[in-house]
Amino acid sequence: MRKSHPIRRVVLATAATVSGVVLLLSLKPASDPAAASAAGAAPQQTAPGQQTPQGGQQGGAQAAAGSGTVTGDAAQTQYGTVQVRLTVAGGKITKAEAVQAPKGGLSDQKTQLAVPKLNQEAVAAQSARIDAVSGATYTSTGYKKSLQSALDKVKASSAGSAGSSGSGGSSGSGGSSGAAQARTVTGKVSQTQYGPVQVRITVNGGKITKAEAVQAPKGGLSDQKTQLAVPKLNQEAVAAGNADIDAVSGATYTSTGYKQSLQSALDQAGG
């Protein structure tokens, strides 16, 4: 018994040592890959995490700075409603489309013929100063009016963004400057063979945003001619931005008087 007792201790000590070594060896490989994988996973997850927000912020900033979709006011024509929507990026028209256009009967054919051309012209000209499509005069006129309305909204939005990005004092002065730019001017009365014609325009940022005849020939046949001619002349004045507009067929005297008074109003407005 005395001899086996030391041997038993040696055996137990050896077994304990071997167990400890095995335990250490089993833990070390497991911890190293875990540490390595943890160290490797962190860069892999962090790098995309860092890049994605940066890319998203840059894209968002670009979109906020110079892109957007704007729909102009609906323009009523003899054959139906015309309404234009613009996509603008970097201050330029990148896409134009008619969200409303005359429909039914012959109007379908004219719309299919005119609208694609007008869309292309709007993008190419970057303004509402585009040519009417032959055979679709009413649709073209309505398109140009709604297009101008959309462009005015784009400018107003840009002006508002510029004003809000400035300091309090500068934004205040910018607001007063914007208010000063928008004004209404009435041209001189132009006498015609059938009566006086007088035009009033609203000018904002150096461009005509609205035109109306405050006086026009009345009575008898003149009423019909006035009702026919004046709305067209108003639209043409806004679209052209000047007095170089076409006379309305069958209302030559009224058209001439309108253009004279319009030029007078433009002279007063500094245009």
Side-chain angles (χ1 to χ4, degrees), residues 72-82 84 102 114 118 121 125 127-152 155-156 177-271:
D73 295 337
Q76 299 296 332
T77 74
Q78 185 173 340
Y79 296 102
T81 305
V82 181
V84 177
L118 293 168
E121 288 294 326
S127 71
R129 297 183 182 182
I130 57 178
D131 295 331
V133 176
S134 178
T137 305
Y138 290 102
T139 299
S140 299
T141 301
Y143 185 101
K144 291 161 69 175
K145 185 177 181 180
S146 183
L147 172 59
Q148 184 62 55
S149 169
L151 289 169
D152 291 340
K155 291 177 183 177
S177 175
Q181 289 178 353
R183 58 184 180 136
T184 302
V185 182
T186 303
K188 295 180 180 179
V189 177
S190 177
Q191 297 295 337
T192 73
Q193 184 174 341
Y194 297 101
V197 179
Q198 189 175 27
V199 177
R200 178 192 299 147
I201 59 173
T202 300
V203 180
N204 189 358
K207 292 188 176 182
I208 302 173
T209 59
K210 182 180 180 181
E212 56 186 329
V214 293
Q215 290 192 65
K218 296 181 181 180
L221 188 59
S222 295
D223 287 336
Q224 297 178 11
K225 291 188 176 182
T226 295
Q227 291 175 3
L228 171 69
V230 169
K232 294 182 180 179
L233 293 168
N234 291 338
Q235 292 176 358
E236 287 295 326
V238 173
N242 56 48
D244 187 15
I245 58 178
D246 294 332
V248 176
S249 178
T252 306
Y253 290 103
T254 299
S255 299
T256 301
Y258 185 101
K259 292 163 67 175
Q260 291 175 352
S261 183
L262 172 59
Q263 186 60 58
S264 169
L266 288 168
D267 291 341
Q268 294 180 50

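- A pairwise comparison of heavy atoms in Ile201 and Val199 identifies CG2-CG1, 4.0 Å as the closest pair.
- Annotation: side chain of Val84 is not in contact with side chain of Leu118 (no heavy-atom distance under 4.5 Å).
- Considering Ile130, Thr139, Val238 as possible partners of Lys144, the one that fulfils the side chain to side chain contact (heavy atoms under 4.5 Å, CB included) test is Ile130.
- Among residue pairs with one or both ends in residues 212-248, none qualify as ring pair (Phe, Tyr, Trp, His ring centres under 6.0 Å); sequence neighbours excluded.
- Listed by first and then second residue, the side-chain hydrogen bond (donor to acceptor under 3.5 Å, both in side chains) pairs involving residues 213-230 are Gln198-Gln215 (not counting sequence neighbours).
- Counting all heavy atoms, side chain and backbone alike, Gly257 lies closest to Thr192 at CA-CG2, 3.9 Å.
- Scored by the side chain to side chain contact (heavy atoms under 4.5 Å, CB included) test, Ala213 finds Val230, Tyr258 as partners (sequence neighbours excluded).
- Applying the ring pair (Phe, Tyr, Trp, His ring centres under 6.0 Å) test to pairs two or more places apart or on separate chains, none has a residue in residues 204-233.
- Of all heavy-atom pairs between Pro217 and Val197, the closest is CD-CG2, 3.7 Å.
- Closest non-hydrogen pair, Val189 versus Gln191, comes out as CG1-NE2, 3.6 Å.
- Residues Thr184 and Arg200 have side chains in contact (heavy-atom distance under 4.5 Å, counting atoms from C-beta outward).
- Of all non-hydrogen atoms in Ala74 and Thr81, the two that sit nearest each other are CB-CG2, 3.6 Å.
- Atom NZ of Lys207 has 12 or fewer heavy atoms from other residues, nucleotides or ligands within 6.0 Å.
- Thr141 places a side-chain N or O within 3.5 Å of a backbone atom of Thr137 that can act as its donor or acceptor partner.
- Judged purely by atom type and a 3.5 angstrom limit, Arg129 uses its side chain to pair as donor or acceptor with the backbone of Ala240.
- Checked against side chain to side chain contact (heavy atoms under 4.5 Å, CB included), Lys145 has the following partners two or more places apart in sequence or in another chain: Ala75, Gln235.
- Annotation: the span from Ile208 atom CD1 to Lys210 atom NZ amounts to 13.5 Å, rounded to 0.5 Å.
- Rounding to the nearest 0.5 Å gives a distance of 9.0 Å between CG of Asp73 and CG of Asp152.
- Rounding to the nearest 0.5 angstrom, the gap separating the CD atom in Gln263 from the CG atom in Leu266 is 5.5 Å.
- By the side chain to side chain contact (heavy atoms under 4.5 Å, CB included) test, Ala132 is found to be paired with Ser140, residues two or more places apart in sequence or in another chain being considered.
- Interatomic distance, Asn242 CG to Lys259 NZ, rounded to the nearest 0.5 Å: 10.0 Å.
- The CG atom of Leu151 lies 12.5 Å from the OG1 atom of Thr209; values are rounded to the nearest 0.5 Å.
- Here the straight-line distance linking atom CD of Glu121 with atom CG of Leu147 works out to 11.0 Å at 0.5 Å rounding.
- The minimum heavy-atom distance linking Thr186 with Ala265 is given by the pair C-CB, 4.2 Å.
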